[in-house]
Amino acid sequence: MTTTAEPIHLAVLGAGPGGYPAAFLASELGMKVTLIDTEENPGGVCLYRGCIPSKALLHVARIKQEVHEAAEFGLHFGTPEIDLDALRDWKRRVVAKLTGGLGTISRARKVEYVRGRGRFVDAHTLRVANEGELVEVAFDYAIVATGSSPAIPGPLRVDSPRVWDSTDALELREVPARLLVVGGGYIGLEMGSVYAALGSEVTIVEMTNGLLPGADRDLVDVLRKSVAPRFKEILLGTRVTNLEDTGSEVRAALAGADVDETRAYDAVLVAVGRRPNSAELGLENTKVVVGDRGFITTDVQRRTAEPSIFAIGDVAGEPMLAHKATHEARAAVEAIAGEPSAFDAAAIPAVVFTDPELAWTGLTENAARERAIDVEIVKFPWAASGRAVTLDRTDGLTKLILEPGTERVLGAGIVGVNAGEMIAEATLAVELGARADDLRFTIHAHPTLSETVMEAAETFFGQSPHYLARRRR
Ligand code: NAD
């Protein structure tokens, strides 16, 4: 870091999983840091109304499902009763604990926390508004980490307490008898699962011909088979073209391969994607360039076209994932400190927290096909995993995507319980340039689900003790 009489003053706009790690690291590196956010504490959408509250609710959904499945093993708990007030309060406590903890850490790291909505006045000044009060923050450098918001297309933008975005759905105001979920992506499947567990009759409508359009089909097939019985219907190749609140219900116009009619629901969750929060930041007062889809254009250090301003996280491009933002934060802060840092990840894991979970990292089979990359693919079905059998959760698949000739691990996909935890090993393998041999010669504890990663590698060489399959190209 350059030694100057005065420390660098860094302003970080947005205190989510991009912004708060950036602020904390900058403070560790000796910068004077101002962190700006509308909420009382750091945390952003992820902690307040995204990743964390949704996972708390999905944990409850999983327990309810397990109680149901336990009857199969002769364990009877009776019918679960859901106390919605208590559940809401538990979710609130989870969020308060984590965001409050970040507030404490922020103070301990001597980060100045300014509450309010910030706007750039020029390339070195932010004006922060909070309930009529204006604070000016002058900075040497700024990092924009303002995240994203739900994108609601025109015909689905209905001002009604029955038409929800993900934030509304997480509030758990009620459990509608009939819930329509528009979008079979991350949010639609995760929140659809929560409401199905709470007792709603859930219909999922997805415009493309499959759930989770970005994920490999063989993984999605396993997921779909497991979750389908928990939903009333999954309508693929179907669009919701209009929503109308009649005062007592919502009438949804569905247009698709199997259905072309208007149906009534008690609530509708619209989860058709998110858009970057790059408007209304005063970026026009700087040289920052915003691309067609609203993402701020940056280089590998996350520097924008304005030398004093960096951008990280959802606002700086896809994938819109918290952990990507956190790692971009490091690249940007180190670059500001004068280090030759860059965001250059070989693999960014993605996890859909359904039950079973679905995760992938590095190159997917879909992407290999689209980009005409020659790969070797090997799969290990969980029916051959002893651990999966003891859990009665053989609805899983572990697959490796390998480079022909070198057998280097280019990517992996896992569907199954705890896939979200297991994908870390595969991500490390991709980052380290590990080969299938490295995975098969690494001793994995028995009996664990992690063995499926090792056994997928063994299968590649035709040497899994539990599964016989021909390798395919
Ligand atoms: P998404 O992109 O994951 O899914 C949206 C789905 O809606 C797509 O499958 C799309 O084909 C479909 N769709 C679009 N328009 C439609 C229409 N009119 N009718 C029917 N279907 C339609 O988006 P999301 O679920 O809203 O989530 C947004 C982003 O938030 C994700 O891309 C992800 O980056 C992030 N997120 C991540 C997690 C996680 O990491 N577990 C969880 C939630 C959200």
Side-chain angles (χ1 to χ4, degrees), residues 184-186 189 206-225 236-237 273 293 300 317-321 323-324 327 342-352 354 356-382 384 396-416 419-420 422-440 442 450 452-464 467 469-473:
Y186 285 76
L189 289 175
E206 163 58 42
M207 119 186 137
T208 66
N209 288 327
L211 297 172
L212 295 167
D216 283 349
R217 292 303 91 191
D218 47 1
L219 303 175
V220 175
D221 285 346
V222 175
L223 173 71
R224 187 177 167 199
K225 216 176 281 168
L236 300 176
R293 297 173 55 215
V300 288
E318 288 178 314
M320 295 200 225
L321 297 171
H323 41 276
K324 186 209 72 164
H327 282 262
F343 181 79
D344 184 24
I348 303 173
V351 182
V352 190
T354 38
E357 294 175 350
L358 192 153
W360 67 90
T361 193
L363 187 67
T364 62
E365 188 175 352
N366 276 355
R369 199 171 302 133
E370 272 165 27
R371 287 149 53 189
I373 301 174
D374 192 19
V375 290
E376 300 247 25
I377 287 165
V378 64
K379 303 183 193 185
F380 184 82
W382 286 24
L397 180 71
T398 298
K399 82 184 221 189
L400 300 175
I401 290 138
L402 307 171
E403 186 175 60
T406 68
E407 287 137 26
R408 200 159 62 94
V409 184
L410 300 178
I414 308 177
V415 59
M422 293 168 60
I423 204 67
E425 180 186 1
T427 306
L428 186 64
V430 177
E431 278 293 347
L432 295 181
R435 300 182 313 128
D437 258 350
D438 296 311
L439 291 179
R440 77 165 160 150
T442 299
S450 69
T452 66
V453 175
M454 174 184 70
E455 289 214 41
E458 287 177 320
T459 299
F460 178 73
F461 297 100
Q463 292 177 3
S464 159
Y467 181 59
R470 282 182 57 78
R471 50 192 264 190
R472 94 177 158 87
R473 186 146 185 165

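Position 1 is the first residue of the sequence, and the numbers go up from there. These numbers were taken from a predicted model, which means no experiment stands behind them.
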Checklist line | Test item: I348 and H323 side chains (from C-beta on) under 4.5 Å apart, heavy atoms | finding: yes
Notebook entry, point to check: Could R440 and F461 be counted as a cation-pi pair, given that NZ or CZ must be under 6.0 Å from the ring centre and within 45° of the axis?
Noted result: yes
Check: R371 side chain to R369 main-chain N or O, any donor-acceptor pair under 3.5 Å?
Finding: no
Item checked: Sole candidate of I401, D221, L397 that passes side-chain contact (heavy atoms from CB on, under 4.5 Å) when paired with D216 -> I401
Item checked: Sidechain-backbone polar pair: E431 side chain, A345 backbone, donor-acceptor under 3.5 Å -> no
Notebook entry, point to check: Side chains of E425 and I414: does their closest heavy-atom pair fall under 4.5 Å?
Noted result: no
Next item on the list: Please report the closest heavy-atom contact between P349 and I423, naming both atoms and the distance.
Entry: CB-CG2, 3.9 Å
Next item on the list: Please name the pair of heavy atoms, one in A215 and one in V220, separated by the smallest distance, quoted to 0.1 Å.
Entry: CB-CG2, 3.7 Å
Notebook entry, point to check: Just wondering, do V409 and L402 contact through their side chains at under 4.5 Å, heavy atoms?
Noted result: yes
Next item on the list: Check the pair M422, T452 against side-chain contact (heavy atoms from CB on, under 4.5 Å), reporting the backbone distance first and the verdict last.
Entry: CA-CA 9 Å; M422 293 168 60; T452 66; 3.3 Å; yes
Note to self: Checking the side chain of K324 only, and the main-chain atoms of G317 only, is there a donor and an acceptor separated by less than 3.5 Å?
What the structure shows: yes
Next item on the list: Decide yes or no for M207 and P213: does some side-chain heavy atom of the first lie under 4.5 Å from some side-chain heavy atom of the second?
Entry: no
Check: To the nearest 0.5 Å, what is the distance between CG (L219) and CD (E357)?
Finding: 13.0 Å
Item checked: Atom of L439, atom of A429 and distance for their closest heavy-atom approach -> CD2-CB, 4.1 Å
Item checked: Over all atoms of both residues, closest heavy-atom pair of G362 and A347 -> N-CB, 3.6 Å
Checklist line | L358 CG to L211 CG distance, which is reported to the nearest 0.5 Å | finding: 10.0 Å
Check: Could you state the interatomic distance from CD (E455) to OH (Y467), rounded to the nearest 0.5 Å?
Finding: 11.5 Å
Checklist line | Close side-chain approach of L189 to L223, heavy-atom, < 4.5 Å | finding: yes
Note to self: When you compare the side chain of D218 with that of E365, does any pair of heavy atoms fall below 4.5 Å?
What the structure shows: yes
Notebook entry, point to check: What class does the angle between the rings of W360 and Y186 fall in, given that below 30° is parallel, 30 to 60° is tilted and above 60° is perpendicular?
Noted result: tilted
Notebook entry, point to check: How close do A436 and A457 get, heavy atom to heavy atom, and via which atoms?
Noted result: O-CB, 3.4 Å
Check: What distance separates L363 CG from L400 CG, expressed to the nearest 0.5 Å?
Finding: 12.0 Å
Notebook entry, point to check: In Å, rounded to the nearest 0.5 Å, how long is the span from CE of M454 to OG1 of T442?
Noted result: 9.0 Å
Notebook entry, point to check: So, for A359 and A419, which heavy atoms are closest and what is the spacing to 0.1 Å?
Noted result: CB-O, 3.8 Å
Item checked: F380 side chain reached by E458 side chain, heavy atoms, under 4.5 Å -> no
Next item on the list: To the nearest 0.5 Å, tell me how far K399 NZ sits from T459 OG1.
Entry: 14.5 Å
